[in-house]
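Following: one structure in structure tokens, then a few remarks.
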Protein chains: 2
Amino acid sequence: MTLRDVAQLAGVSLSTASKALNGRTDVHPETRRRVLDTAERLSFKANSSARALHTGRTGTLGLITNDLEGRFSIPILMGAEDAAGAGEMSIFLCDAREDAIRESYHLRALLSRQVDGLIIVGSRTDPRPSLGHELPVPVVYAYAPSDSPEDLSVVPDNVAGGRAAVEHLVSLGRRRIAHIAGDRSWVAARDRVDGVHDYLTEQGLELAGGRPHYGTWSEGWGRGAVRAVIEATPDVDAIVCGSDQIARGVLEGLKGLGRRVPEDVALVSFDNWEPFARGSVPQLTSVDMNFEAMGRRAAQKLFAAMSGKVEQGVLTQPCRLVVRGSSIQGA
Amino acid sequence: MTLRDVAQLAGVSLSTASKALNGRTDVHPETRRRVLDTAERLSFKANSSARALHTGRTGTLGLITNDLEGRFSIPILMGAEDAAGAGEMSIFLCDAREDAIRESYHLRALLSRQVDGLIIVGSRTDPRPSLGHELPVPVVYAYAPSDSPEDLSVVPDNVAGGRAAVEHLVSLGRRRIAHIAGDRSWVAARDRVDGVHDYLTEQGLELAGGRPHYGTWSEGWGRGAVRAVIEATPDVDAIVCGSDQIARGVLEGLKGLGRRVPEDVALVSFDNWEPFARGSVPQLTSVDMNFEAMGRRAAQKLFAAMSGKVEQGVLTQPCRLVVRGSSIQGA
DNA sequence: TTGTATGCGTTATCAT
DNA sequence: ATGATAACGCATACAA
């Protein structure tokens with residue numbers, strides 16, 4: 001099924017058929033209708049290799065991801081699909097599995113496929129090595145920013161997320177707030193801590209126990225840490241947890257200690273990973289990273305760069321507090 | 001950077017350069033080396049649109065998925081990447097979001113991009129509508145089988161998985177085994193029940209309480225159901241749970257009832273979704289669906305079909321029991 | 001063994 | 001308004 005067939009059946013020349021299908025001017029309305037009709041009838045779709053060969057644009061994006069479970073990359077992919085609009089763009093998804101060799105391998109393959117742009121998704125918000133500035137197509141880094149200020153990156157605003165979490169608790173009248181955080185070596189953990197600390201300081205408050213408790217991103221850490229927190233500051237009335245998984249551990253620990261959530265201790269966590277956040281009793285109030293919006297934004301910036309509007313630096317994507325039963329009774 | 005440039009710098013003609021790079025015979029070793037060297041030096045990669053236009057093969061696969069979180073599709077994608085071998089294939093990932101309109105839309109787009117084959121991933125193992133047999137490229141259905149016997153599908157062997165789960169419990173000496181299953185309307189739930197039932201019957205045993213307990217795929221269902229089970233059959237010494245999430249609820253419920261796991265009651269579940277299976281205390285013994293192997297298999301079958309070896313029917317992919325602390329002390 | 005010439009399906013330029 | 005024709009970059013049949 002080629003354009004030639006369509007042209008023949010419509011009784012026009014190849015070039016007229018092309019113009020008609022591409023919505024160009026200088027083609028009689030009647031002729032255009034006839035061409036469109038026959039194309040529809042034959043369910044003709046232009047061969048995109050041929051088109052790409054001529055136009056130099058393939059209408060494809062490369063998405064290289066490094067998060068093994070696709071927890072970030074699938075929503076980001078969906079956002080990018082949306083941003084592209086009526087399916088003008090198709091996306092190659094490659095999994096680099098945190099391996100630089102594999103990543104550069106995928107990179108070469110994608111460039112050879114003449115993708116129009118690249119989105120690089122990391123597994124944590126710590127800066128990652130830049131792919132360099134010699135690439136023939138624009139690149140946007142998502143979730144993990146590039147370590148080069150000349151690149152463009154989109155990352156979640158974890159500091160604002162931390163503020164939002166603790167602001168919510170304060171607005172509920174809680175004042176003795178502890179923070180059981182994630183892994184100190186992760187920027188995300190420290191950013192969240194910073195946001196919490198900033199807001200408390202502004203309000204003339206401070207963390208129960210005077211400092212955050214760093215650990216690991218696990219339920220086990222939450223279970224263990226909450227014992228220490230309750231022991232050190234028995235009057236604590238709220239806990240900010242570094243992730244939903246930590247919160248699940250904290251919740252379990254609090255039950256074991258006879259504290260009710262949210263009556264005695266309110267909980268707010270991060271990620272809003274629904275299987276975890278909505279599986280517990282009570283469900284978790286959590287700060288959502290807005291991955292899909294991040295994907296949309298990344299793709300939009302990519303399109304902008306493709307049309308010449310290059311931008312640099314790190315853009316932050318607002319987070320969104322989702323309130324559930326762990327912080328408000330009856331929610 | 002085109003082949004012409006490479007040829008020019010290597011001092012040969014276009015066609016000689018092409019032959020040299022494509023490893024064809026009838027080219028002087030010395031000449032080939034010179035061409036390969038210059039290609040390497042210029043980091044030349046053939047324009048795949050041009051190649052595709054000529055050969056009719058794009059070296060791309062389309063993967064249309066319907067599972068929102070990418071829990072199935074990412075491992076399946078990885079498996080397919082592996083099966084393709086040294087990165088010969090790139091994969092378009094499209095998310096149809098359980099929407100037939102969107103699916104057919106992606107389908108059209110992928111066909112217009114001349115993908116060499118298609119993998120269609122569903123969100124549950126119930127049969128799904130076939131895309132038809134008029135497609136110009138081979139299709140393999142993964143996880144959710146096609147409802148047409150003329151198509152080729154690869155699905156997890158949930159019946160064998162159910163057998164494996166209960167066989168493990170019986171081998172540990174458990175005899176009063178209950179089954180808190182998932183949603184009865186899902187084939188996966190019924191298959192797992194069937195496997196459990198078959199093995200028990202073979203062994204002259206039967207389920208504690210005489211029948212499985214169907215519900216929903218949630219922690220909440222597990223929490224509630226386990227109370228009823230313990231009440232009805234207080235001497236139960238093992239429970240097969242329809243999913244890891246159900247098992248998490250069951251585990252929590254058992255603790256509330258003062259039963260120890262695994263000493264009093266052993267637990268086996270399905271999915272081996274690590275964040276859940278490894279987050280609890282004890283960790284969950286679980287039946288893994290082997291998604292990555294499923295992806296490899298699907299891709300292999302696709303490649304076979306692409307080279308003429310068409311197959312039909314539903315292939316089952318073996319599951320794998322992962323033993324952890326919920327069934328064996330000290331594990 | 002090497003080079004010349006042709007075609008893949010499309011778009012774009014230029015006559016008509 | 002329409003149509004002939006030349007690219008796009010590569011692979012191959014065929015001539016040298």
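The basis for the numbers below is simple: all heavy atoms, side chains too, and nothing from hydrogens, waters or symmetry mates. Bear in mind that the values here come from a model prediction, so they are computed numbers and not experimental data. In what follows, chains carry the letters A, B, and so on, assigned in the order in which the sequence lines appear, proteins first and then strands, with residues in each chain numbered from 1.
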Query - Salt-bridge contact R297(A)-D157(A) (side-chain N to carboxylate O under 4.0 Å) - result: no
Query raised in the report: Do S146(B) and S148(B) have a side chain donor and acceptor closer than 3.5 Å?
Result: no
Would you mind writing out the side-chain donor-acceptor pairs for residues 40-52 of chain A within the sub-3.5 Å range, not counting sequence neighbours?
residue : atom : partner : partner atom : Å
N47(A)  : OD1  : S49(A)  : N            : 2.7
N47(A)  : OD1  : A50(A)  : N            : 3.1
S48(A)  : OG   : S112(B) : O            : 2.9

Query raised in the report: How would nucleotides 8-14 of chain D be written as a contact map, 5' to 3', with B for base contact, S for sugar-phosphate-only contact and - for no contact, using protein heavy atoms under 4.0 Å?
Result: BBSBB--
Query - Lys/Arg-Asp/Glu bridge criterion (N-O < 4.0 Å) met for E81(A), R102(B) - result: no
Requested in this report: Starting from the C-alpha separation in whole Å, work towards a yes-or-no answer on side-chain contact (heavy atoms from CB on, under 4.5 Å) for F92(A) and T60(A).
Outcome: CA-CA 7 Å; F92(A) 286 116; T60(A) 62; 4.0 Å; yes
Report summary line: V314(B) and P145(B) have their tightest heavy-atom pair at CG2-CB, 4.2 Å
Query raised in the report: Quick one: how far along DNA chain C does chain A reach, first to last nucleotide 5' to 3', anything under 4.0 Å to a heavy atom?
Result: dG9(C) to dA12(C)
Query raised in the report: Which atom pair, heavy atoms only, marks the closest approach of F72(A) to G122(A)?
Result: CD1-O, 3.5 Å
